[in-house]
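Written out below as structure tokens is the structure these notes cover.
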Amino acid sequence: MNQANTTQTLTLFNTLSRSKESFVPITPGEVRIYTCGPTVYNYAHIGNLRSYVFPDLLKKLLQRLGYEVRHIINFTDVGHLTSDQDAGDDKVEKAAAETGRSAWEISKFYAEAFKRDIELLNIAFPTRFTYATEYIPQQIDLVSQLESKEMTYNTADGVYYDTSRFETYGKLAKLDLDGLNEGQRVSAEGKRHKSDFALWKFSPADQQRQMEWESPWGKGFPGWHLECTAMIFAELGQSIDIHTGGTDHIPVHHSNEIAQAEAATGEKYVNYWLHGEFLVLDSERRMGKSEGNFLTLQTLLDEGFSARAYRYLTLMSHYRSFLTFSFEALKSAQTAYFKLKRLIQGLNQGESQGADLAADYDRRLLDALCDDLNAPKALGLIWELVQDKAVGGKEKLELLRHYDGILSLSLMDFTDFPELVIEVPAEVLELARQRWEHRLNRNWAESDRLRDEISARGFVVRDAKDNYEVVPE
RNA sequence: GGCGACGUAGCCAAGUGGUAAGGCCGAGCUCUGCAAAAGCUUUAUUCGCCGGUUCGAUUCCGGCCGUCGCCUCCA
């Protein structure tokens, strides 16, 4: 078994260089990770949730490699805009207005829902969850710093960041500023450049916001990009190792984060930018809150799926590839997931053999994960291992225990099989009892008829030598 | 218009310059009154198309076709 050792090479695909790089932390033995969290004005959908699985994998792998990991996930609980860049309504405020609840209630509610979701997906909580509204002074301070460095200008509706003053603006995204949005109106009133963005927005004069704060520039609220940087500075420092998020954040949000952070500190902001690709529907359409075609984890649960089976599905594809979601794919993932666990349940702890082979699996599993988190490859190896007749149960279980600590599929938890979780209605049990009697009397016709009835109710009867069981179909 | 990604069996999906992991589904067999479950076996001469480089390409290069994402709040 691998001992904790930070000499194992971990390679990660860094968006900055668009290539795989060997991971080297800023401080030996320690890693600081920031994960862009959700805007809490609605439930997270399963596409959102996918992008929190790979940082979880990364964190656990780093910990197994012996690193001390400090990880932050934030909640954007204020200040998001619904439409045109730097225009439109605040999403949290809008949801509040629509439901009659306060903005604070809304954000609290959905933040808690998010925590429940990731818990169901075996995603470990970060060292801290941070809330944007709890870092208002730090955000104001950051704007002041940028102002003192003459990186900002004021318009009628806020304090803006002047991207033309940051020489390498857009480098992360390889943005071609002149090509941005050609032929489309993109600038808000008073903005000097297309890519400039709001640091601080003034509260509208004709309207009372629920969330607003005093600032040197007047009453208002922070722009979206500001919060992540302010929270990173406060919780992790001026330069961090890894920043994760979805690919959609590359051109705007993360480009802006880099611009404001590096202009403020003069230091490199983030060493490794990791971006997860989208989950798309069968038609390869993205799933989005704005698109109104989103599925929540709860929907999956309601349809009879296990949250862990969804995690299994996400691990079946690489985090940098599109994951084509369909219920067919989820069903096959769930079937495979429980089948794998049944195989593991049947392993014999007392049987020991093939130590050399096991060591080989160990190395290949670690290599797969250390190669930019190749979970699909690791899963394939897990299957190979479990079915390998040359390796003993003892060796298999040892490896499974170790790697499930990273994959977090609860492979050794045998309490969540559908037949153990789903209750069989008394009516169905009675039908099964009657069927068993007919069967004992060799009345096959009636026996089969009753089985069809049971099947129509979503259950199936399994006959054994002198007993039977009823399980969900 | 700019930037970028992808196209591997019915489905999901790894992968490598030397002739295609894994899973689901399907098929066959064993078992069973019949089933289910389980076990065993099996399932791409081929990696969108056309060229080029090479002893050899799915893997490298070029072109084409197709699909998708971002550039506006979104993971």
Side-chain angles (χ1 to χ4, degrees), chain A residues 18 35-39 41-42 44-54 76 79-91 94 170 173-186 194-195 224 244-253 255 275-280 282-291 294 312-313 315-318 320-326 328-337 339-340 342-343 346 368 374-384 387 439 442-445 447-448 451 455 460-465 468-469 471 473:
Chain A
R18 305 285 160 117
T35 295
C36 262
T39 303
Y41 67 97
N42 201 338
H45 62 245
I46 58 175
N48 295 325
L49 292 170
R50 182 194 185 198
S51 66
Y52 300 99
V53 174
F54 83 86
T76 298
H80 246 178
L81 307 166
T82 49
S83 64
D84 288 330
Q85 193 177 345
D86 302 318
D89 301 321
D90 179 312
K91 283 181 173 177
K94 186 166 177 251
K174 300 188 193 299
L175 290 181
D176 170 0
L177 295 181
D178 294 332
L180 282 180
N181 277 305
E182 188 169 319
Q184 235 181 287
R185 182 192 64 83
V186 292
K194 295 182 225 182
S195 51
W224 172 43
T244 76
T247 55
D248 56 329
H249 281 155
I250 298 170
V252 179
H253 183 47
S255 292
H275 292 99
E277 191 47 273
F278 281 133
L279 172 144
V280 294
D282 353 14
S283 53
E284 271 203 79
R285 289 279 319 288
R286 71 165 288 186
M287 179 177 292
K289 290 180 183 175
S290 308
E291 281 74 2
F294 75 87
Y312 183 97
L313 176 68
L315 295 185
M316 278 175 68
S317 70
H318 190 91
R320 281 193 292 113
S321 301
F322 284 104
L323 166 59
T324 314
F325 179 87
S326 66
E328 187 190 359
L330 178 60
K331 179 85 178 89
S332 83
Q334 171 142 306
T335 303
Y337 173 61
K339 188 174 166 188
L340 178 63
R342 287 205 172 83
L343 289 171
N374 196 334
K377 192 171 192 179
L379 264 189
L381 284 166
I382 292 284
W383 273 95
E384 239 183 86
Q387 298 178 19
R439 187 169 177 277
R442 308 184 71 80
N443 183 350
W444 310 131
S447 169
D448 288 348
R451 180 167 52 207
S455 172
V460 61
V461 193
R462 292 181 193 162
D463 294 331
K465 220 170 185 64
Y468 63 93
E469 57 177 342
V471 299
E473 222 160 0

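Within every chain, numbering begins at 1; the chains are lettered A, B, ... in the order of the sequence lines, protein sequences first and strands thereafter.
Per the geometry, CG belonging to A:Leu49 stands 10 Å off P belonging to B:A75, to the nearest Å. Atom CG of A:Leu323 is separated from atom C1' of B:C11 by 13 Å (rounded to the nearest Å). Rounded to whole angstrom, the span from the CZ atom of A:Arg462 across to the P atom of B:A38 amounts to 7 Å. Between A:Met316 atom CE and B:C24 atom C1' there is a gap of 7 Å when expressed in whole angstrom units. Remark: P of B:A14 and OH of A:Tyr312 are 13 Å apart, rounded to the nearest angstrom. Counting to the nearest Å, the C1' atom of B:U32 and the CZ atom of A:Arg451 are 10 Å from each other.
Across all strands shown, A:His318 has heavy atoms under 4.0 Å from sugar-phosphate atoms exclusively, and none from any base. Among the heavy atoms of the strands lying under 4.0 Å from A:His249 are primed sugar atoms or P, OP1, OP2 only; no base atom is included. Heavy atoms of A:Lys331 sit nowhere under 4.0 angstrom from any nucleic acid atom. Counting non-hydrogen atoms under 4.0 angstrom, A:Ala333 reaches nothing in the nucleic acid. Using a 4.0 Å heavy-atom cutoff across all strands shown, A:Tyr52 reaches sugar-phosphate atoms only and no base atom. Within the 4.0 angstrom heavy-atom criterion, no nucleotide atom of any strand lies near A:Ile46. Counting any heavy atom pair closer than 4.0 Å across all strands shown, A:Trp383 reaches sugar-phosphate atoms only and no base atom. Contact annotation for A:Val471: no contact, since no heavy-atom pair falls under 4.0 Å across all strands. Across all strands, A:Arg320 comes closer than 4.0 Å to no nucleic acid atom at all (heavy-atom distances). Within the nucleic acid shown, A:Gly245 comes within 4.0 Å of sugar-phosphate atoms alone, with no base atom in reach, counting heavy atoms only. Using a 4.0 Å heavy-atom criterion, one finds that A:Pro251 contacts the sugar-phosphate atoms exclusively.
Look at A:Gln334 and you won't find any side-chain N or O under 4.0 angstrom from OP1 or OP2 of B:C24. In this structure, A:Ser321 reaches the B:A14 phosphate: one of its side-chain N or O atoms is under 4.0 Å from OP1 or OP2. The phosphate of B:G15 (OP1 or OP2) has a side-chain N or O of A:Asn374 nearer than 4.0 angstrom. Remark: A:Lys339 is in phosphate contact with B:C24, judged by side-chain N or O atoms under 4.0 Å from OP1 or OP2. Applying the 4.0 Å criterion to OP1 and OP2 of B:A13, one finds that A:Thr324 has a side-chain N or O inside that range.
The ring-ring contact (aromatic ring centres under 6.0 Å, His included) test applied to A:His318 returns no partner, not counting sequence neighbours.
For B:C34, its base sits under 3.5 Å from the side chain of A:Asp463 at one donor and acceptor pair at least. A donor and an acceptor atom never sit less than 3.5 Å apart when one is taken from the side chain of A:Asp248 and the other from the base of B:G69.
In this structure, the side chains of A:Arg50 and A:Ser317 come closer than 4.5 Å at one or more pairs of heavy atoms. At least one side-chain heavy atom of A:Trp383 sits less than 4.5 Å from a side-chain heavy atom of A:Lys339.
For A:Phe322 and B:A5, the ring-to-base geometry does not satisfy the stacking test (centroid distance below 5.5 Å, interplanar angle below 30°).
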